[in-house]
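Some notes on the structure that comes next.
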Amino acid sequence: MTIRLPAGDGGFRAYEPRKEPFAATPGTPFTSRTVFSAAHVVADPFADSTPDSPAAVDWDATLAFRRHLWSHGLGVAEAMDTAQRGMGLDWAGAAELIRRSAAEATSVGGLIACGVGTDQLTGPATLAEVRAAYEEQLALVEESGAQAILMASRALAAAAKGPEDYLEVYGHLLRQSAEPVILHWLGPMFDPALEGYWGSSDLDAATDTFLEVIAAHPDKVDGIKVSLLEARREIDIRRRLPQGVRCYTGDDFNYPELIAGDEQGFSHALLGIFDPLGPLAAEAVRVLDTGDAKGFRELLDPTVELSRHLFQAPTRFYKTGVVFLAWLAGHQSHFTMVGGLQSARSLPHFARAYELADGLGLFPDPKLAEERMKNLLSLYGVNQ
C-alpha cells in the first residue's frame with residue numbers, strides 16, 4: 001500500500017510507508033556524553049484562545065512527553081526556544097512550565113535544565129531592567145531545583161551599546177548564580193532580533209567577547225550551548241574553553257560529527273532535533289558510550305537530512321515540524337500549537353518530514369502515523 005504525497009511542484013509522488021519502527025528500548029543516562037533534548041509544549045486544542053492571547057497548554061500531555069524523554073536517558077532542556085519562548089509562550093506560561101517540569105523531574109529522577117531569559121519585558125528596556133528581569137527568572141529556576149541556562153536576550157541585544165554591556169550584565173548574573181550555569185548563544189537564524197549579539201555582527205569579535213565572559217567566571221559556567229549552525233566555529237570555540245567548561249552543541253545541522261568529536265575533544269548536546277529523534281538518538285549515544293564512534297555515526301548520520309529539512313529557513317519555524325512529528329508519533333492527540341504556529345509550514349514540507357521520519361522508523365506505530373498523515377492530506381483536498 002502506498003500513500004500519495006505532494007511533491008512541491010504541483011504534482012504527487014507515491015510513498016510506501018515503513019511497516020516496523022526503529023527498535024529502541026528505554027535505558028539509563030549516558031556515561032560518555034551529557035545529552036539534553038529541548039522539548040516542545042503541547043497546546044490545549046479545546047481552549048478558546050487567539051494567537052495574541054496567553055498560551056493554553058495541555059499540561060498532562062506536555063509532562064508525559066518529558067517522561068518519554070527521561071525514560072530513554074535523555075535530559076530535558078526546558079522552556080527553551082523549542083518550547084516557543086518568545087513565539088507564543090509568554091513568561092507566565094514559561095514560569096509555570098518550569099515549576100511543573102522541575103517537580104516532575106524530581107519525582108522521576110530526570111535530568112533537567114531550564115531557560116532563563118528576559119521575556120517578561122515587552123518593550124524597550126534599560127540595562128538595569130534587563131538585569132532585573134534575568135534575576136527574576138534565575139531565582140525561579142534555582143528555587144525549582146533545576147540547572148539554569150542563561151539564554152540570549154532580545155532586550156539585551158536592543159539595549160546594549162557594545163561588548164562592555166554584555167560583559168557587565170553576564171558578569172553580574174554569574175557572580176550571583178548559586179550553581180554553575182549553561183550559557184546559550186542563539187544565532188539570528190533562530191531569532192532575527194539577536195543579530196549582533198555579544199556586541200558585534202562580526203562573529204570573530206562576538207566570539208572573543210563570549211569567551212571573555214567565560215574566562216572571567218569559569219567556576220560559574222558548567223558549559224556553553226552554541227547554536228550558530230557553523231561546525232568549524234563551534235569546534236574553534238570548544239578548543240578555546242577553560243578546562244572543565246563543556247560545550248553543548250546546539251547545531252542541528254552538524255551534530256553527529258560534533259558529538260563524536262576528534263582527537264582534541266568533543267561536544268555534549270542540547271538539541272531541538274533530539275525532541276523527535278529521542279529514542280534513536282539515545283540508542284546512538286549508548287553505542288558511543290562503548291567507544292564505538294563508527295557505530296554511533298552509522299545510527300545518527302542518516303537523521304541529518306530530516307533535521308536539515310525541519311530547520312530549513314526560516315529556521316525559527318522548525319518547531320512546527322517538531323510538533324507535527326510528535327502528533328504523528330502518537331505523543332499527542334492533535335496537531336495544534338501555541339499561537340497557531342501549526343500553519344507556519346507548507347503541506348509539501350509536512351509530507352517530506354513524514355517521509356523522512358518514517359524512513360528512519362521514528363513512529364512507534366507506523367500505521368497510526370500513516371492514518372494521521374492521510375487525514376491531514378484530506379483536509380487539504382488530497383484524496384488517496
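Note that the structure is predicted; figures quoted are calculated from it, not measured.
For the side chain to side chain donor-acceptor pair (under 3.5 Å) condition, the pairs that include at least one residue of residues 103-113, sequence neighbours left out, are Arg67-Glu104.
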Before giving the answer on side chain to side chain contact (heavy atoms under 4.5 Å, CB included), spell out for Thr303 and Leu280 the whole-Å C-alpha distance, their side-chain angles and the decisive distance to 0.1 Å.
CA-CA 9 Å; Thr303 69; Leu280 193 158; 3.8 Å; yes
Report the C-alpha separation of Met373 and Asp358 in whole Å, then their side-chain angles, then the decisive distance to 0.1 Å, and conclude whether the side chain to side chain contact (heavy atoms under 4.5 Å, CB included) test is met.
CA-CA 11 Å; Met373 188 68 223; Asp358 182 71; over 6 Å; no
Check step by step if side chain to side chain contact (heavy atoms under 4.5 Å, CB included) holds for Leu241 and Leu211.
CA-CA 7 Å; Leu241 290 173; Leu211 290 169; 4.0 Å; yes
Quick one, His172 with Gln176, criterion side-chain hydrogen bond (donor to acceptor under 3.5 Å, both in side chains). Give me CA distance, side-chain angles, the key distance, then yes/no.
CA-CA 7 Å; His172 176 83; Gln176 70 179 62; 3.1 Å; yes
Between Val42 and Val323, does the side chain to side chain contact (heavy atoms under 4.5 Å, CB included) criterion hold? Intermediate values first, please.
CA-CA 8 Å; Val42 183; Val323 176; over 6 Å; no
Steps toward salt bridge (charged side-chain N to carboxylate O under 4.0 Å, His left out) verdict (Lys294, Glu298):
CA-CA 6 Å; Lys294 181 175 182 291; Glu298 287 175 349; 2.5 Å; yes
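In this structure, Cys247 and Ile237 have side chains that are not in contact, with every pair of non-hydrogen atoms separated by 4.5 Å or more. Side-chain contact between Ser101 and Val76 is absent, with no heavy-atom pair separated by less than 4.5 Å. Counting heavy atoms from C-beta on, the side chains of Glu142 and Ser177 come closer than 4.5 Å. The side-chain heavy atoms of Leu377 and Leu5, taken from C-beta on, include a pair separated by under 4.5 Å. In this structure, the side chains of Trp198 and Val213 come closer than 4.5 Å at one or more pairs of heavy atoms. Arg239 has its side chain within reach of Asp262: a pair of non-hydrogen atoms, C-beta onward, lies under 4.5 Å apart. At least one side-chain heavy atom of Gln120 sits under 4.5 Å from a side-chain heavy atom of Gln137. Taking the side chain as every heavy atom from C-beta outward, Val304 and Asp252 never approach each other to under 4.5 Å.
Side-chain atoms of Tyr318 and Asp275 include no donor-acceptor pair closer than 3.5 Å. Donor-acceptor pairing under 3.5 Å is lacking for the side chains of His309 and Glu305. Side chains of Gln332 and Asp58: a donor-acceptor N/O pair is absent below 3.5 angstrom, by distance only.
A donor-acceptor contact shorter than 3.5 Å links the side chain of Arg286 to the backbone of Thr28. Remark: side-chain polar atoms of His268 are paired, donor with acceptor, to backbone N or O of Thr34 under 3.5 angstrom. With hydrogens and angles ignored, the 3.5 Å screen pairs no side-chain donor or acceptor of Glu78 with any backbone N or O of Ile98. Under the 3.5 Å distance criterion, the side-chain polar atoms of Arg13 are matched with a main-chain donor or acceptor of Pro6.
Phe253 and Leu258 fall into different hydrophobic clusters, defined by Ile, Leu, Val, Met, Phe, Trp and Tyr side-chain heavy atoms under 4.5 Å apart, directly or through other members. Linking Ile, Leu, Val, Met, Phe, Trp and Tyr residues whenever their side-chain heavy atoms come within less than 4.5 Å leaves Leu376 and Leu368 in two separate clusters. No continuous path of ILVMFWY side-chain contacts below 4.5 Å connects Phe36 to Phe296, so the two sit in separate hydrophobic clusters. Linking ILVMFWY side-chain heavy atoms closer than 4.5 Å, directly or via other members, places Ile149 and Met87 in two distinct hydrophobic clusters. Transitive grouping of hydrophobic side chains (ILVMFWY, heavy atoms separated by less than 4.5 Å) keeps Leu270 and Ile214 in distinct clusters.
Nearest approach of Arg297 to Glu257, heavy atoms of both residues: NH1-CA, 3.5 Å. Ala148 and Leu138 get closest at one heavy-atom pair: CB-CD1, 3.6 Å. Scanning all heavy atoms of the two residues, the minimum distance from Ala24 to Glu283 falls at CA-OE1, 4.1 Å. In terms of heavy atoms, Thr249 sits closest to Tyr255 at CG2-CB, 4.4 Å. Between Leu325 and Ala353, the shortest heavy-atom contact is CD2-O, 3.9 Å. Pairing each heavy atom of Ala160 with each of Tyr166, the nearest pair is CB-CE1, 3.4 Å.
To the nearest 0.5 Å, the span separating CH2 on Trp59 from CG on Leu97 amounts to 5.0 Å. Here Trp91 contributes atom CH2 and Thr122 contributes atom OG1; the two are 14.5 Å apart, rounded to the nearest 0.5 Å. The CD1 atom of Ile259 lies 12.5 Å from the OH atom of Tyr248; values are rounded to the nearest 0.5 Å. To the nearest 0.5 Å, atom CG of residue Asp90 and atom CD of residue Gln84 are 11.5 Å apart. Atom OG1 of Thr207 is separated from atom CD of Glu230 by 8.5 Å, given to the nearest 0.5 angstrom. Expressed to the nearest 0.5 Å, how far CE of Met151 lies from CE of Met80 amounts to 6.0 Å.
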Review item, side-chain donor-acceptor pairs of residues 181-197, under 3.5 Å, at least two apart:
{"residue": "His184", "atom": "NE2", "partner": "Ser227", "partner atom": "OG", "Å": "3.4"}
{"residue": "Asp191", "atom": "OD1", "partner": "Arg154", "partner atom": "NE", "Å": "3.4"}
{"residue": "Asp191", "atom": "OD1", "partner": "Ala193", "partner atom": "N", "Å": "3.0"}
{"residue": "Asp191", "atom": "OD2", "partner": "Arg154", "partner atom": "NE", "Å": "2.6"}
{"residue": "Asp191", "atom": "OD2", "partner": "Arg154", "partner atom": "NH2", "Å": "3.2"}
{"residue": "Glu195", "atom": "OE2", "partner": "Ser201", "partner atom": "OG", "Å": "3.1"}
{"residue": "Tyr197", "atom": "OH", "partner": "Ser153", "partner atom": "N", "Å": "2.9"}
{"residue": "Tyr197", "atom": "OH", "partner": "Tyr170", "partner atom": "OH", "Å": "2.8"}

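Ion pairing of Arg33 with Asp289 is absent here, as no side-chain N (NZ or NE/NH1/NH2) approaches a carboxylate O to less than 4.0 Å. Ionic pairing of Arg100 and Asp60 is not present here: no N-O contact between side-chain nitrogen and carboxylate oxygen is shorter than 4.0 angstrom.
Surrounding CG of Asp48 are at most 12 heavy atoms belonging to other residues, nucleotides or ligands under 6.0 Å away. Residue Gln384 qualifies as enclosed at atom CD: its count of foreign heavy atoms under 6.0 Å is above 12. Within a 6.0 Å sphere centred on NZ of Lys19, heavy atoms belonging to other residues, nucleotides or ligands number more than 12. Within a 6.0 Å radius of NZ in Lys374, other residues, nucleotides and ligands contribute more than 12 heavy atoms.
Each of Arg131, His217, Glu135 was checked for a side-chain contact (heavy atoms from CB on, under 4.5 Å) with Leu173, and the lone residue meeting it is Glu135.
Below 30°, between 30° and 60°, or above 60°: for Phe350 and Phe324 the angle between ring planes is between 30° and 60°, a tilted geometry. Taking the six-membered ring for Trp and thresholds of 30 and 60 degrees, Tyr15 and Tyr354 have ring planes more than 60 degrees apart, a perpendicular arrangement.
Hydrophobic clustering, defined by side-chain heavy atoms of Ile, Leu, Val, Met, Phe, Trp and Tyr closer than 4.5 Å, leaves Phe266 isolated from every other such residue.
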